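Below, chain A is the first sequence line, B the second, and so on; all start at residue 1. What you are looking at is a predicted structure, and each value in this text was computed from that prediction instead of being measured.
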2 protein chains.
Amino acid sequence: MAQNDTVTRILDTAEVLFAERGFAETSLRTITSKAKVNLAAVNYHFGSKKSLIQAVFARYLDPFTERFHRALDELEAHYGDQAIPLERLLETMASSVLEVPAERNSLKVFMRLLGLAYSQAQGHLRRYIQEEYGSVFTRFTALIRQATPELPDSERFWRLHFMLGSVIFTLSGLDALRDIAEKDYAEHVTVRDLVRRLRPVVVAAMQAPVPAHLSSASQEV
Amino acid sequence: MAQNDTVTRILDTAEVLFAERGFAETSLRTITSKAKVNLAAVNYHFGSKKSLIQAVFARYLDPFTERFHRALDELEAHYGDQAIPLERLLETMASSVLEVPAERNSLKVFMRLLGLAYSQAQGHLRRYIQEEYGSVFTRFTALIRQATPELPDSERFWRLHFMLGSVIFTLSGLDALRDIAEKDYAEHVTVRDLVRRLRPVVVAAMQAPVPAHLSSASQEV
DNA sequence: TCCAGTTATAAACATTTGTTTGAAATTTAG
DNA sequence: CTAAATTTCAAACAAATGTTTATAACTGGA
């Protein structure tokens with residue numbers, strides 16, 4: 001119960017605090033005191049604060065990439081050499097994301113961490129995630145390409161990031177938004193509700209008509 | 001040339017550094033040394049680091065809200081008591097955003113700051129922006145409501161934030177994304193290009209079919 | 001010219017940060 | 001049981017942070 005308990009307690013506490021306040025704004029002392037662990041434990045078990053941050057991500061991303069790869073395997077097996085429909089791909093990604101935190105803490109934390117990975121400086125984090133988990137994303141985008149052959153490559157690239165932005169932005173800022181929504185519309189929204197709402201929006205966005213003036217001339221806004 | 005010069009140089013330097021590294025990650029010493037200004041100047045002219053952050057935002061948001069209000073005035077005058085079409089509203093917002101930094105530094109900085117305002121902890125910032133500039137957003141959403149009467153209120157609320165996420169996420173992470181895009185598609189993308197690409201996507205997303213199972217029962221993902 | 005009022009400057013202040021140290025406690029293995 | 005390895009702990013470290021202070025420099029108007 002000894003060594004693993006300390007490591008786990010640090011990770012559990014750190015992920016919540018990071019999600020709430022960001023990385024730079026969360027000190028090791030805040031983490032260790034809240035986790036009821038000695039200050040030096042972080043450097044002993046993880047080496048540095050940077051490595052702790054990466055470890056927090058790995059604990060979510062490792063199971064996610066594994067599940068997601070497996071799910072994509074099944075899809076490919078089922079569809080053979082036909083292109084997998086866009087809706088199926090999006091559904092698969094959504095359910096892979098949703099399944100992971102079910103067996104651990106909270107989906108909210110996972111989403112918020114993803115948002116931070118983009119928005120916070122932390123160059124080391126982006127590098128780490130890219131190197132460690134970039135291949136799943138590459139595989140996924142290749143499948144999306146087959147599902148949307150009518151889109152020019154560059155247009156699809158940008159639209160994917162538009163949608164990535166929708167998802168991460170909304171889900172990672174969920175708490176603040178939920179407060180407003182609850183006050184105005186008297187409904188309590190869960191992450192799963194939002195994913196349901198996101199689906200038709202994302203599909204429609206990906207299939208929006210491609211503007212004629214693509215690469216050329218700068219016209220009015 | 002004396003007093004204003006120092007204030008301006010601090011703001012010019014601070015906005016760039018904030019946009020690059022975030023607020024907590026940018027120290028006053030970094031700002032003042034790069035701005036060739038005494039360390040104490042920030043506290044003398046602005047009072048505190050928090051106030052400096054707010055001042056950086058005000059310098060963009062003040063002209064923006066003024067222009068945007070004016071543009072909405074014109075739209076309302078033109079359309080009388082008819083609802084303003086969604087496309088016109090989105091265009092107006094886009095051009096208001098684009099016009100502001102044209103007369104100052106860079107659009108990129110403005111977008112990145114908006115992204116930070118959401119993602120960084122900085123509770124005081126969110127409060128400040130909400131109190132100072134919340135009314136424009138309220139006015140805008142009211143007009144969007146008239147433009148999309150078929151949408152349930154809550155659905156529109158969330159879709160607006162989905163789209164806000166697309167825009168802020170993409171534009172504020174533009175530098176990193178542009179590097180990838182340039183490498184893969186050999187095209188240099190400007191913010192204006194992206195706004196052009198965003199328009200049909202946002203319109204399609206807002207007009208996506210509303211799922212039948214809206215408020216009730218939790219089904220499969 | 002001279003004197004308020006404003007601005008600039010260097011130095012110091014008190015905190016907070018991540019990390020390291022060396023000894024104590026605990027666990028593991030033979 | 002005992003010796004080695006692992007883990008915990010309190011304390012200290014050096015560096016960096018935002019802010020304050022007291023003095024100097026400068027400014028524009030009488």
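- OP1 or OP2 of C:dA8 has at least one side-chain nitrogen or oxygen of B:T6 nearer than 4.0 Å.
- Between the C1' atom of D:dA16 and the CD atom of A:E25 lies a distance of 16 Å, rounded to the nearest Å.
- The side chain of B:H45 lies closest to C:dA8, out of C:dA10, C:dG18, C:dA8.
- Rounded to whole Å, atom P of C:dG18 lies 15 Å from atom CZ of A:F46.
- For the pair B:T30 (side chain) and B:T26 (backbone), a donor-acceptor distance under 3.5 Å is absent.
- The line from CG of B:L61 to OH of B:Y133 is 5.0 Å long, rounded to the nearest 0.5 Å.
- Between the CG atom of B:L28 and the P atom of C:dA11 there is a distance of 19 Å, rounded to whole Å.
- Here C:dT17 is the nucleotide among C:dT17, D:dT21, D:dG18 with the atom lying nearest to any side-chain atom of A:R29.
- The side chain of A:S48 places no N or O atom within less than 4.0 Å of a non-bridging phosphate oxygen (OP1 or OP2) of C:dG18.
- Between the CG atom of A:N38 and the P atom of C:dA23 there is a distance of 17 Å, rounded to whole Å.
- Using a 4.0 Å heavy-atom distance criterion, A:T32 is classed as making no nucleic acid contact.
- In this structure, B:K36 and B:L39 both approach DNA chain C, and ranking their closest nucleotides by distance from the 5' end singles out B:K36.
- Only one option out of B:L52, B:V56, B:L116 pairs with B:F23 in a side chain to side chain contact (heavy atoms under 4.5 Å, CB included); it is B:L116.
- Regarding A:R9, its CZ atom lies at a distance of 9 Å from the P atom of D:dT8, rounded to whole Å.
- Across D:dT17, D:dT8, C:dT21, the shortest atom-to-atom separation from the side chain of A:A40 is found for C:dT21.
- Separating the CG atom of B:N43 from the P atom of C:dT9 is a distance of 15 Å, rounded to the nearest angstrom.
- Candidate nucleotides C:dT19, D:dT8, C:dA8 were compared by shortest atom distance to the side chain of A:K49, and C:dT19 ranks first.
- With a 4.5 Å cut-off on side-chain heavy atoms, A:E25 and A:F18 do not count as touching.
- Closest approach to the B:Y44 side chain among C:dT6, D:dA10, C:dT9 is made by C:dT6 (side chain taken as heavy atoms from C-beta onward).
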Derivation of the side-chain hydrogen bond (donor to acceptor under 3.5 Å, both in side chains) call for B:S51 and B:S48
CA-CA 5 Å; B:S51 306; B:S48 67; 3.1 Å; yes

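- Contacts of A:T26 with the nucleic acid, taken as non-hydrogen atoms under 4.0 Å apart, involve only primed sugar atoms and P, OP1 or OP2.
- Side-chain nitrogen and oxygen atoms of B:S27 include none within less than 4.0 Å of the OP1 or OP2 phosphate oxygen of D:dA16.
- Taking atom CG of B:D5 as the reference point, atom C1' of C:dA8 lies 13 Å away to the nearest angstrom.
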